[in-house]
Amino acid sequence: MASGIPNAMERPHFIGIGGAGMSGIAKILAQRGAKVAGSDAKESATADALRALGATVHIGHAAEHLADDASCVVVSSAIRADNPELARAAELGVPVVHRSDALAALMRSSRTIAVAGTHGKTTTTSMLAVALTELGLDPSYAIGGDLAGPGTNARHGDGDLFVAEADESDRSFQKYDPDVAIVLNVELDHHANYASMDEIYESFEAFVAKIPAGGTLVVGEHAGARELAARVSGRPDLTVVTVGEDEGADVRIRSITPHGMTSEVTVVLPDAGEITFTVSVPGRHYAHNAAAALAAGVRTGLDPAGLAHALTAYTGVGRRLQLKGEAKGVQVIDSYAHHPTEMTADLEAMRAAAGDRRLLVVFQPHLFSRTQELGTEMGRALALADASVVLDIYPAREDPIPGVTSAMITDAAEAAGARVTAVHDKASVPEVVAGMAAPGDLVLTMGAGDVTDLGPRILARLSD
């Protein structure tokens, strides 16, 4: 694989360098020899990891953080127009590059697998990255979460394969031209950017259109993914591979057998027959992710049995049903789920893993726009837990929407028969959970915001 630095990215400055997507690009550039700098809102383990690679990381946003000799400024869609470093870049005439363009430049000259879909992208990309590494192929990868083994979300490898998570939230995945693309599912989300399912399908169709002639589209069993496959079926130079439990799937999942926090999965592939392997996380949706990863890898020419065996080396990724620890007989697990479909899938997986034990959930809604559109469905999902604590909405990049609060979720949860408690002071959650939990319970912190910080605090309080 070419290890050069793309033009104009020899001295990049990242605004929001600690973000999941931004930090991965910064790490790869640093590993390739670029002089990387950037800023972030607060100190973090990610900032320390970047510094260890030689990057300069400033805390806080200020015009003086942008070096006069910066060759470009890299931004994500979350960066506001009034950011002082962005304003300074305009004064200096420094080119501004969106993170998707930067990632697209890094992937050029590699054989690329891009993983898209409303849910499951991070897990599936991670499975591929781990399996390809296990096979000794030394891949490059850029993922939206930290792998449990290597503990990083990105790496420059000397192999010719590049695995990347393809984000549809701001249409940025339309910048990529992967040899193999996975679309796990297609649902309405990111309501600030998409007004309808028609817009969502149009966006995914534009992504698929970038797959070059002779490329492959792997689609999951989800109805939205199969609808997308039907919409692009008229393209003769594209191979479409379906994955699922249905009889007609090209890669058929014959069985999924749960074993506590793991699953045994049996698939049937064309020309390879039946293969059984282990997936290290519970739940049918993770088994489907692994089967899609297997299908994509086989399309790049990998041996099916060897790849399936290598997939067993995957041990998880940060925030995807990640065990944070155990105290006084109570296990605390962290989930990134924030869309009702994801919430339901993870809660069903944990419900099955819990058996006769109680499942307690601490849920933090993510974004006002998502809560406005899907708050009722979020509340209904929480009915799968024995009891839930619901926090205030984590705003991320959004301003408040009048009348939109987490009460939309708690009201819907109670109407669905859930036992739910609204807690507006995040700092009091460990005390609240300690008062609810008993030995043998599972506590699941859930959401895409800073609810993940509560896991260690809950464990500490339980220990006290």
Side-chain angles (χ1 to χ4, degrees), residues 1-6 9 20-21 23-34 36 49-50 52-54 99-100 102-116 121-166 173 175-182 210-212 214-218 239 241 269 272 277 289-290 292-317:
M1 170 183 168
S3 59
I5 301 167
M9 298 185 71
S23 63
I25 299 167
K27 287 174 182 177
I28 293 172
L29 279 168
Q31 290 167 355
R32 291 191 182 186
V36 175
L50 285 160
L53 291 172
R99 69 173 177 86
S100 58
L103 181 55
L106 290 175
M107 291 192 290
R108 291 191 185 111
S109 76
S110 301
R111 290 194 299 147
T112 305
I113 303 174
V115 183
K121 296 183 291 292
T122 297
T123 298
T124 308
T125 312
S126 301
M127 289 175 169
L128 276 165
V130 169
L132 296 176
T133 301
E134 182 73 8
L135 290 171
L137 299 175
D138 198 16
S140 296
Y141 53 83
I143 308 170
D146 287 341
L147 292 171
T152 184
N153 60 333
R155 182 179 180 275
H156 165 69
D158 290 326
D160 70 337
L161 284 170
F162 197 123
V163 185
E165 184 171 333
F173 67 162
K175 304 287 182 67
Y176 313 142
D177 50 0
D179 300 283
V180 178
I182 299 173
K210 295 294 295 295
I211 302 173
T216 299
L217 172 65
V218 176
T239 299
V241 177
L269 294 95
F277 61 102
N289 293 346
L294 178 63
V298 169
R299 288 298 300 175
T300 67
L302 299 180
D303 172 64
L307 178 57
H309 178 72
L311 282 166
T312 65
Y314 170 78
T315 56
V317 62

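Any value given below was found using the heavy atoms of this structure, including those in side chains, with hydrogens, waters and symmetry copies removed. Residues take their numbers from the sequence shown, with the count starting at 1.
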Taking atom [atom1] of [X] and atom [atom2] of [Y], what is their separation to the nearest 0.5 Å?
X: Leu294; Y: Leu302; atom1: CG; atom2: CG; result: 9.5 Å
X: Leu269; Y: Leu307; atom1: CG; atom2: CG; result: 9.5 Å
X: Glu134; Y: Leu311; atom1: CD; atom2: CG; result: 10.0 Å
X: Met107; Y: Leu161; atom1: CE; atom2: CG; result: 13.0 Å
X: Ser140; Y: Arg32; atom1: OG; atom2: CZ; result: 6.0 Å

Nearest heavy-atom neighbours spanning [X] and [Y]:
X: Thr152; Y: Tyr141; value: CG2-OH, 3.6 Å
X: Ala142; Y: Ala154; value: CA-CB, 4.3 Å
X: Ala310; Y: Leu135; value: CB-CG, 3.8 Å
X: Lys27; Y: Ala49; value: CE-CB, 4.4 Å
X: Ala164; Y: Leu103; value: CB-CD2, 4.4 Å
X: Glu165; Y: Lys121; value: CG-CB, 3.6 Å

Kindly indicate whether the side chain of [X], heavy atoms from C-beta on, has any atom under 4.5 Å from the side chain of [Y].
X: Arg155; Y: Asp138; value: yes
X: Leu53; Y: Val36; value: no
X: Tyr176; Y: Ser100; value: yes
X: Pro139; Y: Thr133; value: yes
X: Asn153; Y: Thr122; value: no

**Report entry** side-chain contact (heavy atoms from CB on, under 4.5 Å) between Ile182 and Leu128, intermediate numbers included
**Finding:** CA-CA 11 Å; Ile182 299 173; Leu128 276 165; 4.1 Å; yes
Report task. For Val115 and Asn289, run side-chain contact (heavy atoms from CB on, under 4.5 Å): C-alpha distance rounded to whole Å, both residues' side-chain angles, the deciding distance at 0.1 Å, then the answer. Result -> CA-CA 10 Å; Val115 183; Asn289 293 346; over 6 Å; no
**Report entry** Asp179 and Thr300: side chain donor to acceptor below 3.5 Å
**Finding:**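 Their side chains do not contain a donor-acceptor pair, so the 3.5 Å distance test is not met.
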